[in-house]
Amino acid sequence: MKFIASHIKVSSLNAKVLIVFKWQKESQEKVILDEIKFLENERMLVEYNNNKKYEFFENPLEIKQELIKKSLNLIENYLSGGYINLYDEFKKMNIEIPLREKFPSSFSYKVIQSLLKIKYGESTSYSYLGDAIGSRAYRAIGNILRKNPFPLIIPCHRVLRKNGQIGGFMGSRKNLWKIELKNHLIQIEQSNTKLKEKKGER
DNA sequence: AAGCGCGGCGCGA
DNA sequence: TCGCGCCGCGCTT
């Protein structure tokens with residue numbers, strides 16, 4: 001198994017994004033997304049990568065390099081305000097998002113399946129997701145989402161608390177920059193959605 | 001057994 | 001109207 005990682009800077013947020021792909025050595029086409037990870041700064045990125053021992057673009061085949069570039073661009077565009085449905089785009093590019101592997105229990109799988117139905121610009125709540133799968137284990141749902149290895153792609157940021165509070169993001173309720181990031185994503189999507197509606201009215 | 005990105009309730013500022 | 005503590009909830013570690 002080979003890992004390829006790259007990172008982009010989110011200028012408006014002063015954060016780093018680490019994106020990790022992998023593939024079978026002999027496999028020609030199939031590229032698997034392994035994780036997307038937001039780091040607060042350069043130091044955190046280096047530290048994280050040292051632990052994981054990812055290889056940065058070591059001899060990528062041509063086609064995969066293209067794929068990687070393209071997906072980095074997509075994420076960059078999305079983060080800087082593009083109206084982009086990342087899940088669909090990744091699917092189109094034939095990048096596998098290994099949901100079963102990352103969410104092995106039937107509960108966790110159901111949770112993210114119903115979360116994936118929440119579209120760009122929409123929001124939901126932990127309790128709504130629970131209702132959708134017939135569970136009142138609202139805390140358990142947060143428990144699943146906090147370990148989401150694919151933020152942005154699996155849209156955790158669209159899940160708010162039922163009372164309107166923003167709730168947690170990327171594993172934390174208290175970490176300010178994570179909460180700000182969640183807020184930022186919500187703002188981007190909302191303003192884009194409004195823009196789209198305006199255009200549609202004409 | 002402990003710990004949760006929650007929700008609902010009740011309380012006291 | 002908050003913020004907090006408490007309990008119930010059910011899943012993960």
Side-chain angles (χ1 to χ4, degrees), chain A residues 1 7-8 10 12-20 22 32-41 43-45 47-48 50-54 75 78-79 84-87 90 96-193:
Chain A
M1 200 68 88
H7 61 277
I8 57 181
V10 186
S12 57
L13 294 166
N14 201 24
K16 301 273 183 180
V17 188
L18 180 70
I19 301 158
V20 184
K22 64 179 181 180
I32 301 165
L33 183 65
D34 195 55
E35 72 164 327
I36 295 179
K37 176 87 179 170
F38 281 76
L39 288 311
E40 196 167 359
N41 53 43
R43 189 179 59 82
M44 305 280 272
L45 175 70
E47 199 174 293
Y48 188 78
N50 281 345
N51 290 336
K52 293 278 191 170
K53 299 198 169 49
Y54 288 135
I75 289 173
Y78 170 80
L79 288 174
I84 292 165
N85 189 327
L86 286 178
Y87 185 81
F90 272 60
E96 188 182 326
I97 299 162
L99 299 181
R100 285 239 92 106
E101 183 192 318
K102 301 288 186 180
F103 300 92
S105 74
S106 77
F107 178 79
S108 60
Y109 193 73
K110 276 190 264 179
V111 169
I112 49 122
Q113 282 300 326
S114 66
L115 173 52
L116 281 171
K117 294 188 183 125
I118 308 303
K119 291 186 233 133
Y120 190 106
E122 295 177 349
S123 69
T124 184
S125 69
Y126 299 91
S127 69
Y128 179 88
L129 290 179
D131 295 344
I133 64 172
S135 168
R136 285 193 296 163
Y138 309 126
R139 285 193 90 153
I141 290 168
N143 226 346
I144 302 302
L145 300 191
R146 75 197 302 273
K147 284 167 302 191
N148 175 16
F150 311 120
L152 310 187
I153 308 252
I154 294 177
C156 278
H157 57 282
R158 296 176 194 152
V159 188
L160 313 177
R161 294 186 68 160
K162 195 184 183 182
N163 63 12
Q165 289 178 310
I166 188 159
F169 192 51
M170 294 189 327
S172 173
R173 297 163 48 182
K174 294 183 179 170
N175 188 321
L176 203 61
W177 83 272
K178 289 183 179 175
I179 301 306
E180 279 172 358
L181 175 56
K182 181 174 187 178
N183 204 36
H184 183 75
L185 299 176
I186 294 168
Q187 299 308 323
I188 286 175
E189 294 199 358
Q190 277 187 355
S191 58
N192 269 335
T193 308

Exercise. Can you tell me the distance, in whole Å, between the CD1 atom of A:I144 and the C1' atom of B:dC6?
Key: 13 Å
Quiz item: Would a 4.5 Å heavy-atom cut-off, applied to side chains only, mark A:Y126 and A:R139 as touching?
Solution: no
Practice problem: Measure the distance from CG on A:L145 to P on B:dG7 and round it to the nearest whole Å. | Solution: 11 Å
Quiz item: Less than 4.5 Å apart, any side-chain heavy atom of A:L115 and any of A:P155?
Solution: yes
Quiz item: What's the CD1-C1' distance between A:I141 and C:dT12, to the nearest Å?
Solution: 14 Å
Quiz item: Which range-with-range stems can be found for DNA chain C when each stem has 3 or more Watson-Crick or G-U pairs in a row and both distances sit under 3.5 Å?
Solution: B:1-4 with C:10-13, B:6-13 with C:1-8
Quiz item: Do A:K182 and A:L160 have side-chain heavy atoms sitting under 4.5 Å apart?
Solution: yes
Exercise. Using a cut-off of 6.0 Å, state whether more than 12 heavy atoms not belonging to A:F107 lie near its atom CZ.
Key: yes
Quiz prompt | Residue-level proximity of residues 147-166 of chain A to DNA chain C when a heavy atom falls under 4.0 Å | solution = A:K147
Practice problem: Return the 5'-most residue of the pair A:N143, A:Y128 with respect to DNA chain B, ranking by each residue's nearest nucleotide. | Solution: A:N143
Quiz item: What closest approach, in Å, do A:F169 and A:L185 show between heavy atoms, and which atom pair accounts for it?
Solution: CZ-CD1, 3.9 Å
Exercise. Compare side-chain N and O positions of A:R173 against OP1 and OP2 of B:dC6 and report whether any pair is under 4.0 Å apart.
Key: yes
Quiz item: Tell me: OH of A:Y138 to P of B:dC9, nearest whole Å?
Solution: 11 Å
Practice problem: Return the value, rounded to whole Å, for the distance between atom CZ of A:R139 and atom P of C:dT13. | Solution: 16 Å
Exercise. Would you mind reading off the distance between A:F103 atom CZ and C:dT13 atom P, rounded to a whole angstrom?
Key: 11 Å
Quiz item: How many Å lie between NZ on A:K174 and C1' on B:dC4, as a whole number?
Solution: 12 Å
Quiz item: Is there a side-chain contact between A:E96 and A:E101, using heavy atoms and a 4.5 Å cut-off?
Solution: no
Quiz item: With a 4.0 Å cut-off on heavy atoms, is A:A140 in touch with a base, just the backbone sugar-phosphate, or nothing at all?
Solution: base
Quiz item: Closest approach of A:H157 and A:E189, non-hydrogen atoms and distance?
Solution: NE2-OE2, 2.9 Å
Self-check item: Audit row: A:N148, A:I153, side-chain contact (heavy atoms from CB on, under 4.5 Å) steps and yes/no
Solution: CA-CA 10 Å; A:N148 175 16; A:I153 308 252; over 6 Å; no
Exercise. Quick one: closest heavy-atom pair of A:V159 and A:S125, and the distance?
Key: CG1-C, 3.7 Å
Quiz item: OH of A:Y126 versus C1' of B:dG7: gap in Å, rounded?
Solution: 12 Å
